[in-house]
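Right, one structure below, let's go through it.
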Amino acid sequence: MTTNNRTVLDTEAGRITAEDPHLRRGARGFPLLPGGYGRSTYYTGAPGPYAIRGEGYRLRDDRGRELIDANNNFTVLIHGNSHPEINQAAVKALSEGASWGIPNIYEWELAELLLSRLPALDQVRFANSGTEAVMSAFRIARASTGRERVIVTRGGYHGTSEVALVSGGPSYTRGITEGVIKDVTTVPLNDVEFLREAVEVAADTYAAIILDLLPNRAGLLSLSEEFVREARDLATRHGIVLIIDETISLRLGFNGLSRDYGIDPDLLTTGKLIGGGFPVGAIAGRAELMQEVDPTRAGSLPHGGTFSGNPVSMAAGAATLRLYSEAEVQRLNRLGDAAREAVNSRIAAVGWEVRGRGSLLRAVPSGIERVDEPTQHRLWWASYERGLLGSPANLLSLSTPMDAGVVDEVADRLTAAVLATAATLNKA
Ligand SMILES: Cc1ncc(COP(=O)(O)O)c(C=O)c1O
């Protein structure tokens, strides 16, 4: 790719030539992207590498490294990079047209596949991101209950809509109105008493309780079964809509993680893997709630999105779900459990642990809920230098091209990175 004679990307050579794009400035002297970043969530404390090309679990970057990709675009790429069957499905759809203003059949195909995995839910609406799915789920809950307030857990991350950001704390609530902030009650993780009291003191003001069963921002600590059961019971008893946000956790069970907890949500939000690497979000729910967005009903909620249900995301998503069989879900989860155990036995002595469940892992200093950013970034760079790519918060997600040998390598590299990070922190 060449722009204004400034060659940026030489795909064949696998490197970026000329200048580091982070340093590129526009005519008025500013970096083209704020801070040099296209997403704040890429940030790892210093200018990081650029992706050049991925295949399976391998990702090549512009610095000449071949990494084990355990970031997988923040858990999206369940079948790794550039999976031939998913590519073929996407290219076929694309060759027929990128997006249209009338429905396409791929939307029906993905809807059927997704709902077949969620037997307690009747209907689905697609969106372009998990953020949008959660926004719409709140609106459906509010419209159906005639109430405004919502309950979230501390550290639960549900995207970047205003309501969803409130639980993140002070830096997340900048720019959000008092009215929105007042509508959100934040409950400490797994504090059953707090949850019960919060609901019972003002039950008829709450439209929804939203839970992520394995919240990454809260340190990838699982919600307890007792807490989740209590949320389900309170919601049922008080006519509150229980939303389970499975944007990430859907990968952990063939029927999602909610089924492993033995509960059914009223609405389930998801995204990430169900688009096969393309933009997607989804709200699935019981028909009596989903009818809120049924345009054949008078007074229904407007729900649009120019790119919602676009054929490329839908076709790639359908291919992805077909490939992600029950056997593959369990195989990946077993590999993740074994890796967690192996790393934990080697890092406990330096005061670190690997948390998570199944195919999701994250190393953190033991006993800490929210890890500070400099520590996260140190571990990220230590992992990167050992050829292991995680998210900037060091969330690692396995993908189906990985076998036991690759996951052993992930475990070895993670162990070495944690030991090196712990040593530098002890010196500091
Ligand atoms: C649980 C959860 N909900 C919602 C979102 C938002 O999804 P998106 O980034 O697609 O908007 C995320 C993103 O990481 C998430 O983890």
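Both counts, for ligands and for their atoms, begin at 1 and track the order of listing.
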*Could you tell me if the ring centre of Tyr37 sits under 6.0 Å from that of Tyr42?*
no
*Of the protein's non-hydrogen atoms, which lies at the shortest distance from atom 14 (O) of ligand 1, and what is that distance?*
Lys272 NZ, 2.9 Å
_Heavy-atom nearest neighbour in the protein, as seen from atom 8 (P) of ligand 1, with distance rounded to 0.1 Å_ = Gly130 N, 3.5 Å
*What residue and heavy atom of the protein are closest to atom 3 (N) of ligand 1, and at what distance?*
Asp245 OD2, 2.6 Å
*In terms of atom number and element, which parts of ligand 1 are under 4.0 angstrom from non-hydrogen atoms of Ile248?*
16 (O)
*Return yes when Tyr157 approaches ligand 1 closer than 4.0 angstrom through a heavy atom, no otherwise.*
yes
*asked:* Check this for me: does any side-chain nitrogen of one of Arg259 and Asp264 sit under 4.0 Å from a carboxylate oxygen of the other?
replied: yes
*Any chance the side chains of His79 and Thr400 put a donor and an acceptor closer than 3.5 Å?*
yes
*Is the Lys NZ or Arg CZ of Arg217 less than 6.0 Å from the centre of Tyr172's six-membered ring, within 45° of the axis?*
yes
*Ion pair check, Arg117 and Glu112, cut-off under 4.0 Å*: no
_Is the contact between Thr131 and ligand 1 made by the side chain, the backbone, both, or neither, using heavy atoms and a 4.0 Å cut-off?_
both
*Honestly, is Arg65 close enough over Tyr384, meaning NZ or CZ under 6.0 Å from the six-membered ring centre and within 45° of the axis?*
yes
*ligand 1 atoms in contact with Ser129 (distance to a heavy atom under 4.0 Å)*: 10 (O), 11 (O)
